[in-house]
Amino acid sequence: MAAPPKNGRKSIHFKTFRYDPAELDRVLKQTLTAIENGKRNIFDIAESTRAEYEQVKNELNGIYEEVKAIIEQVDNQAKEELRARIRLAEVSRDFKKYGELDIKSAYEEAQRAQLKLAELRSQEKLLRYRRDHLEINLRRLGAMQEKAEKMLTQLGTVLNYLAGDLQDLGSKIGELEQIHQLGLSIMRAQEEERRRVAREIHDGPAQAMANIVMRTEYLQAIMDVEPARVKEELKSLQQQVRQGLADVRQIIFDLRPMVLDDLGLIPAIKRYQTEFQNRYNLPVELLVLGGQQRLPAAVEVALFRIFQESLSNIHKHSRARHVLVKLETLPKKINLVIKDDGCGFNPEAAAENQEEHGYGLVGMRERIQILQGELTISSAPGKGTTISVSVPV
């Protein structure tokens with residue numbers, strides 16, 4: 001519901017309201033559309049995973065051949081090295097038959113054989129390590145592909161069920177509590193999925209990159225053939241991998257900051273504030289008023305997501321030079337205000353068209369409605385934007 005214009009600024013104010021039974025038909029249609037889109041996205045993921053699986057499989061087959069070949073070379077070189085050592089021992093024993101040049105030649109030949117054998121064994125270790133890594137990756141991709149196919153089957157079943165017998169569900173359910181519980185379940189499922197993805201990335205790619213760093217350090221220690229060039233290349237590779245590791249960890253934080261679960265809303269907001277300022281060079285002033293006790297998990301998640309979405313929109317659209325965030329904890333409610341000095345926008349048009357800021361506004365509104373709170377967005381072109389949130393606790 002739009003508030004009257006004040007000082008050239010337009011405000012849009014959202015309050016919790018009751019759903020009537022007919023409203024569920026509209027929600028069901030949107031749900032069907034979302035499931036269809038999700039099904040297509042999962043299909044794309046499955047196809048991409050399948051293609052990557054085949055690529056890794058082909059690469060692994062090639063590594064198997066290389067390992068087989070290098071093992072054969074190592075065996076042959078070991079024989080050569082043994083013959084060279086036997087030859088060296090022979091000429092070293094018989095000074096009457098062999099002269100100094102013969103001994104020197106035999107020694108150099110034995111040394112060359114040893115170096116060659118060491119080099120081949122190092123190559124064998126590298127290939128074995130690469131083979132093991134590819135086998136792990138292949139198993140992971142196979143499991144992902146299997147999960148994606150199961151999800152496709154399950155989504156197809158759900159879609160058929162919803163599109164059939166439940167088309168008239170809105171006429172059968174009219175209680176607000178049922179709708180409210182459904183919304184809470186959806187929110188919990190969304191956040192649980194984000195938590196799961198974040199942990200998988202943390203335990204998968206991040207650990208893999210850390211292992212690569214350890215591998216380069218190990219190689220740096222054992223490689224003794226052209227050490228200067230090898231060490232220089234390894235240092236460069238280490239720096240690249242460490243940067244990739246930092247990027248993955250940043251993705252993890254964006255998906256689901258662990259500090260939100262461990263320490264609560266305020267530490268998570270402070271951490272994100274610091275990350276945001278460092279990344280985009282946009283000052284964010286944070287004022288925290290009242291106590292800093294832990295809040296219900298649903299409240300902390302909703303407020304953090306609204307804070308995160310607001311800063312994202314400010315960076316993408318507002319061209320602001322300064323952001324003010326105020327978090328106030330009162331005995332019976334918590335207030336969050338996010339204000340920027342950017343270009344502003346028309347909140348009514350954005351809410352109607354669901355373009356630019358519109359999708360973010362809808363997500364904010366739905367989170368606040370589920371928590372029976374209030375959301376006010378006040379803005380006008382050229383006058384910045386203020387987002388005010390109040391949630392009962």
Side-chain angles (χ1 to χ4, degrees), residues 32-74 120 122-162 189-219 233-234 236-256 258:
L32 291 174
T33 301
I35 294 176
E36 283 281 9
N37 294 335
K39 187 177 178 181
R40 284 194 292 267
N41 291 336
I42 294 175
F43 178 80
D44 293 339
I45 293 173
E47 288 300 310
S48 176
T49 304
R50 184 178 294 109
E52 187 177 356
Y53 179 91
E54 291 300 325
Q55 179 182 352
V56 172
K57 183 178 179 181
N58 293 334
E59 185 177 356
L60 183 59
N61 289 334
I63 291 295
Y64 283 148
E65 294 298 324
E66 292 182 30
V67 169
K68 181 180 179 181
I70 197 68
I71 290 175
E72 184 177 352
Q73 293 181 39
V74 168
L120 289 174
S122 296
Q123 294 178 12
E124 181 184 356
K125 288 182 180 179
L126 284 175
L127 286 173
R128 288 179 181 275
Y129 179 90
R130 189 176 172 193
R131 178 200 61 190
D132 295 342
H133 179 72
L134 286 174
E135 287 176 345
I136 293 173
N137 197 25
L138 191 67
R139 289 195 294 270
R140 179 183 62 82
L141 290 172
M144 287 180 60
Q145 183 177 340
E146 183 179 354
K147 288 181 180 178
E149 291 173 352
K150 288 182 179 179
M151 290 180 67
L152 282 174
T153 302
Q154 293 169 355
L155 280 179
T157 302
V158 171
L159 191 62
N160 293 335
Y161 186 72
L162 291 178
Q190 289 174 337
E191 294 306 321
E192 184 61 29
E193 179 65 11
R194 288 190 178 99
R195 185 183 295 111
R196 183 189 64 80
V197 172
R199 287 176 178 170
E200 285 184 355
I201 294 177
H202 179 269
D203 295 337
Q207 293 299 325
M209 295 182 75
N211 289 335
I212 293 175
V213 174
M214 295 176 61
R215 171 194 169 193
T216 59
E217 293 172 350
Y218 171 74
L219 292 176
E233 291 179 358
L234 287 176
S236 175
L237 179 60
Q238 287 173 351
Q239 182 60 34
Q240 294 176 4
V241 173
R242 288 193 177 102
Q243 181 59 48
L245 182 58
D247 294 340
V248 171
R249 285 175 173 161
Q250 182 60 53
I251 293 173
I252 294 171
F253 179 79
D254 290 340
L255 281 172
R256 177 77 184 194
M258 298 301 177

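Basis for what follows: all heavy atoms, side chains included, without hydrogens, waters or symmetry-related copies.
- Under the salt bridge (Lys or Arg N to Asp or Glu O under 4.0 Å) criterion, Lys150 pairs with Glu146, not counting sequence neighbours.
- Note: Leu141 CG to Glu52 CD = 4.5 Å, rounded to the nearest 0.5 Å.
- Listed by first and then second residue, the salt bridge (Lys or Arg N to Asp or Glu O under 4.0 Å) pairs that reach into residues 53-63 are Glu59-Arg130, sequence neighbours excluded.
- Rounded to the nearest 0.5 angstrom, Met151 CE and Gln154 CD are separated by 7.5 Å.
- In this structure, the side-chain contact (heavy atoms from CB on, under 4.5 Å) partners of Ile136, at least two apart in sequence or on a different chain, are Arg139.
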Enumerate, atom names and distances included, each donor-acceptor pair closer than 3.5 Å involving a side-chain atom of residues 40-51, sequence neighbours excluded.
from	atom 1	to	atom 2	distance (Å)
Arg40	NH2	Asn37	OD1	2.2
Asn41	ND2	Asn37	O	3.3
Glu47	OE1	Arg50	NH1	3.3
Glu47	OE2	Arg50	NH1	2.4
Thr49	OG1	Ile45	O	2.7
Arg50	NH2	Glu149	OE2	3.2

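- Residues Arg128 and Arg131 meet the side-chain proximity criterion, which asks for heavy atoms closer than 4.5 Å.
- Rounding to the nearest 0.5 Å places CD1 of Ile71 at 12.0 Å from CG of Leu120.
- How far CD1 of Ile70 is from NZ of Lys125: 13.0 Å, rounded to the nearest 0.5 Å.
- Applying the salt bridge (Lys or Arg N to Asp or Glu O under 4.0 Å) rule to pairs touching residues 60-71 yields nothing, sequence neighbours excluded.
- Separating the CG atom in Asn58 from the CD1 atom in Ile63 is a distance of 12.0 Å, to the nearest 0.5 Å.
- Here Glu135 pairs with Tyr64 under the side chain to side chain donor-acceptor pair (under 3.5 Å) rule; sequence neighbours left out.
- Residues Arg140 and Asn137 are in side-chain contact: their nearest non-hydrogen atoms beyond the backbone lie under 4.5 Å apart.
- Interatomic distance, Gln55 CD to Leu134 CG, rounded to the nearest 0.5 Å: 10.0 Å.
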